Every structure is written in C-alpha cells, then in structure tokens.
Chemist: 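Have a look at this one before I ask anything.
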There are 2 protein chains.
Amino acid sequence: MDFFNVVSVDEVKKILKENFNNLCIGLEEVSILDCLDRILGEDIISDINVPEFSRSTVDGYAIKSSDSHGCSDSLPSFLNLIGEVNMGESADIKIKSGQAIYVPTGGMIPDGADSVVMIEHVEKLDDTTIAIHRPLSYGENIVYKGDDIKKGEIILKKGKKITPQDIGVLASLGVKTVNVYKKIKFYIISTGDEIIDLDEKLKLGKIRDINGYALYSLIKKLGGEIVNRVIVKDDYKLLREEVDKALNISNIVLISGGSSVGTRDFTYDVINSFDGKGVLVHGVSIKPGKPTLIGEGKGKVIFGLPGHPVSSIIVFKTFVEYLVKEITGMKDGINKTKAIMYCNVHSSPGKETYQMVNLNEIDGKLYAVPNFGKSGLITLLSKSCGYVIIKSEEEGLYKGQEVDVYFI
Amino acid sequence: MDFFNVVSVDEVKKILKENFNNLCIGLEEVSILDCLDRILGEDIISDINVPEFSRSTVDGYAIKSSDSHGCSDSLPSFLNLIGEVNMGESADIKIKSGQAIYVPTGGMIPDGADSVVMIEHVEKLDDTTIAIHRPLSYGENIVYKGDDIKKGEIILKKGKKITPQDIGVLASLGVKTVNVYKKIKFYIISTGDEIIDLDEKLKLGKIRDINGYALYSLIKKLGGEIVNRVIVKDDYKLLREEVDKALNISNIVLISGGSSVGTRDFTYDVINSFDGKGVLVHGVSIKPGKPTLIGEGKGKVIFGLPGHPVSSIIVFKTFVEYLVKEITGMKDGINKTKAIMYCNVHSSPGKETYQMVNLNEIDGKLYAVPNFGKSGLITLLSKSCGYVIIKSEEEGLYKGQEVDVYFI
C-alpha cells in the first residue's frame with residue numbers, strides 16, 4: 001500500500017500546467033446564436049469601422065455649429081429647414097451655413113453639418129424655419145465614423161468566455177460564426193461497492209451515487225461534455241477496463257471514491273497501468289480533498305477524486321477547473337465576491353483549507369456564513385453557495401474580516 | 001404623438017408585480033441530469049433519513065468508547081478483533097465490551113459500538129488483537145442515522161435555481177426527476193428601417209441588428225426559450241401583424257427600438273390595439289432606458305425596449321429579469337459582487353442611473369472601473385461585465401466608495 005506523498009495546492013497547479021497545458025482540444029465553428037458561454041478560440045478583428053457613417057445620437061436638426069454661436073433665449077438663431085434624413089438611408093443633401101436638416105436618432109449626418117441640436121431645444125416656426133436658443137459645440141450629438149471601433153482593431157480576445165454583450169458585439173460586426181474550443185470530453189466513474197444508482201433499490205449499507213450527478217452538473221456548468229457516467233465496483237480488473245475505455249473516448253477521466261488509503265484502493269495501480277507518466281500527484285495538502293490522485297495515461301488526464309461529495313466538489317473547482325482554464329486560456333471574468341466573515345473559522349495548520357459558506361445580506365453588507373458539521377453532508381451541500389479559502393500559512397479567518405467567496 | 005409619462009423604477013416593478021405575477025407558466029417533469037439552472041416548481045421533501053444507517057467517518061475500528069477510557073501511550077487498551085464490516089454491506093455482528101470490528105470510511109456501525117478509533121491511532125498486534133493509545137468520546141467518528149436529514153424535512157424549496165450541489169442532494173435522496181417551471185417563451189422583434197440581419201449586405205445608412213442577438217443570449221442565460229427572432233420595418237400594420245402572431249405563441253414579447261418619441265413610433269399604438277390593458281408604462285426615470293414601454297395584450301406581456309443596445313440590456317436586466325423572478329418565485333442567489341469605485345461617477349438628478357463597469361483586481365482589492373463614452377458603444381459592451389446603480393436621490397458615486405456591481 002502506498003501512502004500519500006502530499007504536495008501543496010500550488011505545486012499541483014504547476015504539475016497540471018507543465019504536463020497538460022498543451023492537451024489538444026481543437027476548435028469548431030458555431031453560429032453566434034449557439035456560442036454563449038463557449039470559449040473563443042480566435043481573436044475577433046473588426047473588418048469594418050463602427051459606426052460606418054457619422055450618426056446622430058439624438059432626434060434633432062443637423063447644422064453647422066458656427067451658425068449657433070452667440071444665440072440665446074432672447075436672441076435665437078433662425079435657420080432654413082431644407083429637408084430630412086430618413087432612417088436607414090444615405091443622406092445625400094449637403095448643408096450650407098444658415099441651413100438645417102432633420103435627422104432622427106441613429107440617422108446619417110449630412111455633409112457639411114458638424115453638430116445636431118435636439119428637437120427639445122428648437123422652436124419650429126413653420127415648415128421651413130427653425131429657431132435655436134442655445135449654442136452648440138463642434139461634434140455635439142454626433143458619433144463619427146470609426147469613433148467606436150476602427151477597422152483592424154481586436155474586439156474580443158482568444159480565450160474569452162462569450163457573454164450576451166459579446167454576442168451583441170459580434171452581430172454588430174456582421175460576424176455570423178466564430179471558432180470556439182471544442183467541448184472538453186469527460187468520463188465520470190464512481191467507484192465503491194456501496195454505491196448504487198438511482199434505478200436500484202436502496203438496501204441497508206448502500207448509498208446513492210451523489211458524486212456522479214454533482215460532477216455531471218459541474219462539468220455542464222463549466223461547458224464540458226459528458227461522454228459517459230458509470231458506477232464500478234471495487235475491483236481492479238473492472239476499474240482498469242472502464243478507465244481503458246474512458247481514455248480512448250475522452251480528454252479527462254474523473255474517478256470518484258477509491259483514492260483514500262484503504263485496502264480497496266485500486267485507483268493508484270490502475271492509473272500506473274497504462275502507457276504514460278502514471279501517477280503525478282498522490283495526496284494534496286488541501287482540506288477537504290487530501291486523498292486526491294492525478295495522473296496521465298495514454299496522453300489523457302486522470303483525476304482520482306475523493307469520495308466525500310464536498311471534497312470532490314472542492315477538488316473539481318480547484319484543479320479540474322484550473323486545468324480547463326489552462327488548456328483553453330479561458331478568461332471567464334469574476335467568479336467570486338467580496339464578503340465579510342460572519343464568525344471565526346479555524347484552519348488546519350499546513351493545509352490550504354476550503355470552508356463551505358452561504359452568503360447573507362444584512363443591512364446592505366454581505367456576510368459569508370460558514371456551514372459546519374461533520375454530519376451535515378446534505379445540509380452542507382444544499383445550504384452552501386460557495387467557499388472561502390484559508391491559506392496554509394494562515395491560522396484561520398476572523399469575524400469581521402473581508403474575504404473572497406468563490407462561487408460553486 | 002404621446003409624450004412620456006415617466007414613472008420610477010420601483011413603480012414599474014410594482015406595476016409588473018400587480019399585473020403579471022400570476023402569469024401561468026406551468027410545470028414540467030425533467031430528469032435531474034437535465035435540471036441544472038432550472039427553477040424548482042415544488043418543495044423537495046426527504047422520504048428517507050440521511051444517512052439511513054449510522055456510518056463511520058474514518059477507516060478504523062468500531063468499539064465501545066468506555067473500553068478506551070483511561071488508556072494512553074504508556075497504558076494502552078487491548079481489544080479483541082472479532083471481524084470486519086464490508087463496505088456496502090449490513091453489519092450483522094454485535095460488539096461487546098473488550099471487542100473491536102474493522103469498519104471502512106462510510107461503513108455501517110455494528111450494534112453495540114458507539115465510537116470508531118482511526119487506524120492511525122491503533123497498533124495491530126496480531127490478527128485478533130489491537131492496542132489503542134488514546135481515549136475516545138461517545139459518538140466519535142460516527143454519523144448517526146438521520147443526523148444529516150430527517151425523513152419529512154424540506155431539503156430544497158420551490159423557486160430555487162438548481163445548482164450542481166442541489167443535484168447531488170437530489171441524487172442522495174434517490175430523486176430521479178423533479179418538477180420545474182416550464183421555460184418562459186419569448187418572441188423577439190427588432191424594429192427599424194435601418195436594421196438589417198447578418199445575412200444581408202451592409203449598405204450605407206443601415207446597421208446590424210445588435211439587440212436581437214444580445215436579447216437572444218440574455219434570454220438563454222436567464223433560462224427562457226426563444227420561439228422566434230425577427231426584424232420588422234417601421235410600419236404599423238407589419239408590426240401589429242407580427243405582435244399578434246407573437247402574442248399567440250409566447251408569454252413575453254420583446255420589441256426593441258421604436259419606443260422613442262419620434263415620428264415612427266408605432267409600438268405604443270400597436271400595444272394598445274389588442275384586447276387587454278394596453279400600455280401600462282410609458283417612460284421610466286432610468287438612465288439609460290427612459291423610452292421603455294410595458295403593456296398587456298391578450299393576457300401576455302409586451303415590452304418595448306429602447307433601441308440602444310446598452311439601454312436595452314439594462315432594461316432587460318432590470319425589468320424582464322425582475323418579472324421572470326416574480327412569476328417563478330425564482331431565488332438565484334447572489335448575482336453581484338462588492339467592489340470599490342475606481343473613480344467618481346456622476347448621476348442624472350431624478351433618475352436611477354445605471355453605469356456600465358468592468359471589474360479589475362489590484363493588490364487583492366476589487367475595483368469597479370466605469371466605461372464611459374457616448375460613442376463607445378461596442379467598446380462599452382465588450383469591456384463591461386456588469387453595472388453599478390446610482391439611486392435617484394444620490395448625486396453620484398465617489399472614488400473609494402464601496403458599491404454593488406451587478407453581473408450582466
């Protein structure tokens with residue numbers, strides 16, 4: 001029996017980066033209607049100026065600003081209304097000093113005009129005459145051609161997790177499809193003689209497969225694809241057969257349970273039985289999550305996750321998500337919030353401690369409320385929306401201290 | 001032409017709640033593998049105790065704790081090892097004083113035992129004798145039957161947006177399917193003579209339909225279903241025909257553009273042309289987003305969203321999301337983070353002002369960096385991950401002030 005050779009969280013991340021960050025996932029072309037939350041696999045460069053023509057930002061009259069200089073309520077400027085720009089049409093009239101043309105919001109600015117006076121500030125005297133009561137500056141209420149985006153500019157960078165506003169941006173540039181990273185393929189194996197699936201009848205001594213379902217959903221949320229989800233008994237041969245199959249059709253294999261030090265620990269041996277580097281990590285100084293295994297077989301990644309559901313979620317969030325971000329260069333913005341510790345939390349010396357918390361807003365302040373309890377497994381899961389991290393050199397977190405709460 | 005009759009953000013929410021919060025959406029039964037991010041339509045009540053049997057939380061030996069009292073390194077207790085509980089099997093041996101049984105983590109506690117000593121704290125002398133060096137308290141390393149969840153307890157409440165950890169909880173209870181709210185059906189109409197879709201060739205004076213695509217993605221992210229997305233010219237008859245069709249097959253109709261005061265404002269009249277309450281809101285004291293229309297026709301909700309993409313996103317987040325949460329009782333946790341204003345932002349007096357920002361972490365502090373610029377439409381969209389709200393009675397936000405940043 002091998003005992004753990006525990007390494008730190010940072011060392012594990014280094015090992016993942018060095019061994020797997022060039023795992024080849026490949027790109028695929030998808031419609032912008034289907035690219036929400038996918039990871040952009042290319043820089044998006046604008047091949048047009050935005051806007052493509054100078055536009056009015058208000059409903060009003062396009063004029064030469066010099067015609068408004070010096071005017072006031074008591075001394076208005078009178079201008080000759082010579083026409084109207086229709087929405088969505090090219091403005092083919094040209095403006096001279098003393099003239100004005102009606103332009104709707106978004107309408108094209110006619111040649112010769114350099115500002116637009118809002119209809120609210122204009123008195124329409126008759127069909128051909130308007131009075132202006134305040135002076136305008138050059139460029140007022142106009143967005144000039146290319147003001148927003150210049151042709152050739154990079155708009156969205158490779159690795160960005162695509163948001164609704166990004167999709168608006170892509171549409172504005174006339175982009176119909178984008179190259180995104182293919183979904184990373186995961187194979188989920190829950191091990192343990194006591195583990196049964198939802199279809200089986202619960203007998204005394206057995207428990208339901210929690211991890212298989214939680215991991216399935218975490219992978220979906222992360223944007224991955226689940227190629228299979230199975231339960232395997234504590235048997236070296238059966239587990240090896242299943243992992244062998246998994247390595248052929250997925251990028252990352254998750255084995256939950258079976259990685260603790262115990263008489264039925266076959267995961268370690270199975271990982272070492274394939275062509276490849278074998279076990280790279282056996283034990284991490286993280287709490288919960290110590291009995292974590294990470295290895296390589298047939299060029300794929302194998303994670304041995306702890307059997308305890310909370311540990312398994314923490315290890316997934318800490319290492320599997322980290323790896324996916326390394327592979328795709330994924331930048332997905334802020335996945336945490338600042339909050340105030342509601343009470344003290346102690347840590348385990350020498351370990352990076354992850355404490356499940358819920359968020360509670362009281363009088364406009366956001367509090368991180370820890371969920372404790374060795375026994376409260378389900379309660380712990382159903383009441384927690386995230387976790388706080390206590391670094392190994394810290395003794396704990398104190399009531400009133402500002403912390404980062406990471407969302408699950 | 002009707003002018004705006006501007007009401008406050010809170011008044012709009014009140015109007016939405018009073019008129020639409022019993023809009024009937026209905027429930028559907030889905031597998032727990034497909035329920036991520038859906039809104040739970042029922043309370044989930046446990047019909048089992050969790051755990052169903054008393055379990056060990058460690059690999060170790062089940063004993064009577066009284067047998068360990070008084071023992072120490074120099075004076076160990078010697079116990080008779082009478083067997084082993086197999087994982088996933090019922091423990092049918094009974095323990096007496098002076099006896100011990102091996103139990104793996106998660107294994108069932110045999111009758112008579114009231115504590116488990118970890119293997120690390122035990123010396124195995126031979127096949128039938130172990131030595132214990134430290135005293136155990138009653139219940140140590142045991143989770144008792146029902147400790148986590150009692151039969152009949154409510155585990156997840158109606159209205160919860162289902163998370164990966166909730167799905168783990170459902171699996172642990174043996175729940176295969178849950179009743180969730182049906183996806184709310186949306187119909188998206190972009191109006192404007194200048195608006196063209198991605199398939200059309202861009203001509204001077206025309207612009208791409210940004211809102212249709214951004215709204216499509218926002219709805220997907222919110223968990224809604226898009227039944228159709230179309231572009232309609234500025235024409236009363238065409239728009240009325242399209243809205244009529246939309247009201248028959250969707251719950252909420254979004255019309256973007258065409259709600260500003262202008263000569264081509266037909267949305268107002270169209271909303272009033274159907275059986276129902278007609279226009280309920282015409283103008284909101286929100287910036288951006290003032291020219292917002294909300295009405296009722298044929299028992300369905302019609303939103304007239306501003307044409308400007310940022311305004312349209314803000315109004316969607318503020319009112320459409322609010323309405324969906326009212327209809328489903330949806331509680332989706334925290335969708336914001338605390339941050340520090342990077343610089344001053346001025347507001348518009350008497351209006352609730354929404355300022356787009358990006359989040360930037362500098363030296364462990366999270367800053368909200370406002371994205372300004374009348375012209376920077378695309379830049380504004382692509383660089384912002386959320387917004388801050390300045391209440392109508394506030395003059396602005398100050399550099400260094402703590403604020404809530406709402407994610408888009």
Side-chain angles (χ1 to χ4, degrees), chain A residues 32-33 36 50 53 57 59 87-90 104-106 108 143 147-149 155-156 163-169 171-172 174 176 192-194 198 202 204-206 208-210 213-214 216-218 220-221 260 262 309 313 333-334 337-338 359 366 374-379 381-382 385 408, chain B residues 32-33 36 50 53 57 59 87-90 104-106 108 143 147-149 155-156 163-169 171-172 174 176 192-194 198 202 204-206 208-210 213-214 216-218 220-221 260 262 309 313 333-334 337-338 359 366 374-379 381-382 385 408:
Chain A
I32 65 166
L33 289 174
L36 182 66
V50 180
F53 52 92
T57 61
D59 290 336
M87 202 58 194
E89 285 177 21
S90 186
T105 304
M108 190 166 169
V143 181
D147 249 4
D148 194 355
I149 297 292
I155 307 308
L156 299 175
T163 65
Q165 53 282 32
D166 293 337
I167 293 171
V169 168
S172 75
K176 275 186 244 181
D193 288 343
E194 79 282 19
L198 294 179
L202 198 61
L204 214 59
K206 305 284 183 189
R208 298 281 180 203
D209 180 24
I210 302 182
Y213 289 90
Y216 186 99
S217 320
L218 285 166
K220 263 172 91 172
K221 206 172 162 183
S260 184
I313 289 174
I334 302 291
T337 179
K338 297 280 175 190
L359 285 163
L366 198 59
K374 62 162 188 179
S375 58
L377 174 60
I378 304 304
T379 320
L381 282 172
S382 68
C385 70
I408 295 172
Chain B
I32 65 165
L33 288 174
L36 181 67
V50 178
F53 53 92
T57 61
D59 290 337
M87 202 59 197
E89 285 177 22
S90 187
T105 304
M108 190 167 169
V143 181
D147 249 5
D148 194 357
I149 297 292
I155 307 307
L156 299 174
T163 64
Q165 55 279 35
D166 293 337
I167 292 171
V169 168
S172 75
K176 276 187 243 181
D193 288 342
E194 79 283 19
L198 293 178
L202 197 61
L204 213 58
K206 305 283 183 191
R208 298 281 179 202
D209 179 22
I210 303 182
Y213 289 89
Y216 186 100
S217 320
L218 285 165
K220 264 173 91 174
K221 205 171 163 184
S260 184
I313 289 173
I334 301 289
T337 180
K338 298 279 175 190
L359 285 163
L366 198 59
K374 63 162 188 180
S375 59
L377 173 60
I378 303 303
T379 320
L381 283 173
S382 67
C385 69
I408 294 173

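Note that the coordinates shown come from a computational prediction; the quantities given were computed from them, not determined experimentally. Just so it is clear: chains get the letters A, B, ... in the order the sequence lines come, proteins before strands, and each one is counted from 1.
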Chemist: Relative to chain B, which of A:I155, A:L33, A:L204 shows the most heavy atom pairs under 4.5 Å?
Modeler: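 When all of A:I155, A:L33, A:L204 are compared, A:L33 has the most.
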Chemist: In terms of heavy-atom proximity below 4.5 Å to chain B, should A:I149 be classed as side chain, backbone, both, or neither?
Modeler: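 Side chain only.
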Chemist: Looking only at heavy atoms and a cut-off of under 4.5 Å, which of B:K221, B:K220, B:E194 has the most pairs with chain A?
Modeler: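 Looking at each option in turn, the highest pair count goes to B:E194.
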Chemist: Working to the nearest 0.5 angstrom, can you tell me the gap between A:Q165 CD and B:I408 CD1?
Modeler: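 Between A:Q165 CD and B:I408 CD1, I get 4.0 Å after rounding to 0.5 Å.
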Chemist: At a heavy-atom separation under 4.5 Å, does A:D209 approach chain B through its side chain, its backbone, both, or neither?
Modeler: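 Contact with chain B is through the backbone of A:D209 alone.
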Chemist: Does any heavy atom of chain B fall under 4.5 Å from the side chain of A:L202, the backbone, both, or neither of them?
Modeler: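 It is the side chain, since no backbone atom gets that close.
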Chemist: Sort out for me which of B:A214, B:P164, B:G174 touches chain A most, counting heavy-atom pairs under 4.5 Å.
Modeler: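 Ranked by heavy-atom pairs under 4.5 Å with chain A, first place is B:P164.
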Chemist: Which distance, rounded to the nearest 0.5 Å, do you find between the CG of A:L381 and the CG of B:D148?
Modeler: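 That separation rounds to 8.5 Å.
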Chemist: Considering only heavy atoms from C-beta outward, does the side chain of A:I167 approach that of B:Y216 to under 4.5 Å?
Modeler: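 No; the side chains remain at least 4.5 Å from each other.
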Chemist: B:L218, B:L359, B:I210, B:I313: which one forms the most heavy-atom pairs within less than 4.5 Å of chain A?
Modeler: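 Top option by heavy-atom pairs under 4.5 Å: B:I210.
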Chemist: With a 4.5 angstrom heavy-atom cut-off, is it the side chain or the backbone of A:L36 that approaches chain B, or both, or neither?
Modeler: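 The side chain, not the backbone.
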Chemist: Should B:S382 and A:L156 count as side-chain neighbours, where that means a heavy-atom distance under 4.5 Å?
Modeler: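 Yes, at least one pair of side-chain atoms sits under 4.5 Å.
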Chemist: Between atom CG of B:L366 and atom OG1 of A:T337, what is the distance when rounded to the nearest 0.5 Å?
Modeler: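 That separation rounds to 8.0 Å.
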Chemist: Look up atom CE in A:M87 and atom CG in B:D193, then write down how far apart they are to the nearest 0.5 Å.
Modeler: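 So the CE of A:M87 and the CG of B:D193 are separated by 8.5 Å.
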Chemist: At a heavy-atom separation under 4.5 Å, does A:T163 approach chain B through its side chain, its backbone, both, or neither?
Modeler: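 Neither part; nothing is under 4.5 Å.
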